[in-house]
Amino acid sequence: QVQLVESGGRLVQAGGSLRLSCAASGGTFSRYAMGWFRQAPGKERESVAAISSSGGTTKYSDSVKGRFTISRDNAKNTVSLAMNSLRSEDTAVYYCAAIVDPNYRVFYALPFSPNEYSFWGQGTQVTVSS
């Protein structure tokens, strides 16, 4: 079972940049697809970005496409989310999550919705001030 710890969240001005990191332990990191999700007060948790176990496939929500970049380092057991051109609507608690990558399937689809992920971190707060 993998344990996840997010870091890097803080208060930042609109238009600024931030990099979140998620450190994994307790599992074979290179087996897991990883995702970043966020939840704002009063709203449901939403998908932000996901990356396959090898790093070769990524997916983004329309709201962050072109501004956020997900990456991973399987040697260091970390996944990161680089966030640029931040907006007030990006304010949320950001979570990383993991699932064993179903890349054995004939018709492969990178897991992207929150209910597809099994292991979750505790979250890190990102606040964008306007």
Side-chain angles (χ1 to χ4, degrees):
Q1 186 167 344
V2 63
Q3 291 82 45
L4 304 170
V5 178
E6 303 94 335
S7 61
R10 63 175 174 86
L11 174 66
V12 62
Q13 287 191 333
S17 298
L18 202 57
R19 187 178 186 89
L20 304 182
S21 293
C22 174
S25 61
T28 304
F29 184 69
S30 60
R31 295 181 59 211
Y32 292 92
M34 301 296 297
W36 283 98
F37 304 84
R38 66 187 182 187
Q39 188 166 18
K43 295 188 177 182
E44 293 187 356
R45 191 168 298 188
E46 64 173 348
S47 306
V48 174
I51 188 166
S52 62
S53 54
S54 68
T57 302
T58 58
K59 186 173 181 178
Y60 299 91
S61 67
D62 289 343
S63 61
V64 307
K65 199 173 296 182
R67 299 189 298 124
F68 291 10
T69 302
I70 189 171
S71 61
R72 66 188 295 156
D73 185 334
N74 284 349
K76 296 183 178 179
N77 291 358
T78 58
V79 60
S80 298
L81 185 69
M83 304 187 292
N84 297 313
S85 303
L86 283 163
R87 306 166 180 169
S88 57
E89 55 263 39
D90 295 319
T91 294
V93 177
Y94 282 72
Y95 300 88
C96 75
I99 183 66
V100 175
D101 198 347
N103 52 10
Y104 51 86
R105 294 175 179 169
V106 174
F107 298 104
Y108 174 72
L110 177 61
F112 193 65
S113 63
N115 60 12
E116 296 182 275
Y117 282 78
S118 298
F119 307 104
W120 292 83
Q122 83 291 346
T124 186
Q125 176 70 49
V126 172
T127 303
V128 183
S129 66
S130 55

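Only this structure's heavy atoms are used, side chains among them; waters, hydrogens and symmetry mates stay out.
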Report task. Could you pull out the closest heavy-atom pair between Gln1 and Gln3, with the gap in Å? Result -> O-NE2, 3.1 Å

Report task. Can you measure from CZ (Arg45) to CG (Asn115) and round to the nearest 0.5 angstrom? Result -> 11.5 Å

Query raised in the report: For Leu110 and Ala33, which heavy atoms make the closest approach, and how far apart are they?
Result: CD1-CB, 4.1 Å

Query raised in the report: Parallel, tilted or perpendicular for Phe68 and Tyr94, by the 30°/60° rule?
Result: tilted

Query raised in the report: How about Arg10 and Leu18: do any of their side-chain heavy atoms sit closer than 4.5 Å?
Result: yes

**Report entry** Distance (rounded to the nearest 0.5 Å) between Tyr95 OH and Cys22 SG
**Finding:** 13.0 Å

**Report entry** Ile51 backbone acceptor or donor facing Thr58 side chain under 3.5 Å
**Finding:** no

Query - Lys76 side chain near Ser21 side chain, heavy-atom distance below 4.5 Å - result: no

Query raised in the report: What residue among Pro102, Ser52, Ser47 forms side chain to side chain contact (heavy atoms under 4.5 Å, CB included) with Pro111?
Result: Pro102

Query raised in the report: For the side chain of Arg72 and the backbone of Phe29, is there at least one donor-acceptor N/O pair under 3.5 Å apart?
Result: yes

Requested in this report: Could you check Phe37 against Trp120 for ring pair (Phe, Tyr, Trp, His ring centres under 6.0 Å), going step by step and ending with a plain yes or no?
Outcome: CA-CA 10 Å; Phe37 304 84; Trp120 292 83; 4.9 Å; yes

Requested in this report: Answer whether the closest heavy-atom distance between the side chains of Trp36 and Cys96 falls below 4.5 Å.
Outcome: yes

Requested in this report: For the residue pair Ser53 and Arg31, establish whether any side-chain heavy-atom pair is separated by less than 4.5 Å.
Outcome: no

Query raised in the report: Are the charged groups of Arg87 and Asp90 less than 4.0 angstrom apart, N to O?
Result: no

Query - Donor-acceptor contact present, side-chain Glu6 to main-chain Gln122, <3.5 Å - result: yes

Requested in this report: Give a yes or no on whether the backbone of Glu44 and the side-chain of Glu46 come within a donor-acceptor separation of less than 3.5 Å.
Outcome: no

Query raised in the report: Do the non-hydrogen side-chain atoms of Arg38 and Val64 ever get within less than 4.5 Å of each other?
Result: yes

Query raised in the report: From Gln125 CD over to Thr91 OG1, what is the distance, rounded to the nearest 0.5 angstrom?
Result: 7.5 Å

Report summary line: CG of Leu86 to OG of Ser129, rounded to nearest 0.5 Å, is 10.0 Å

Query raised in the report: What are the two closest non-hydrogen atoms of Ser118 and Ile99, and how far apart are they?
Result: OG-CD1, 3.0 Å

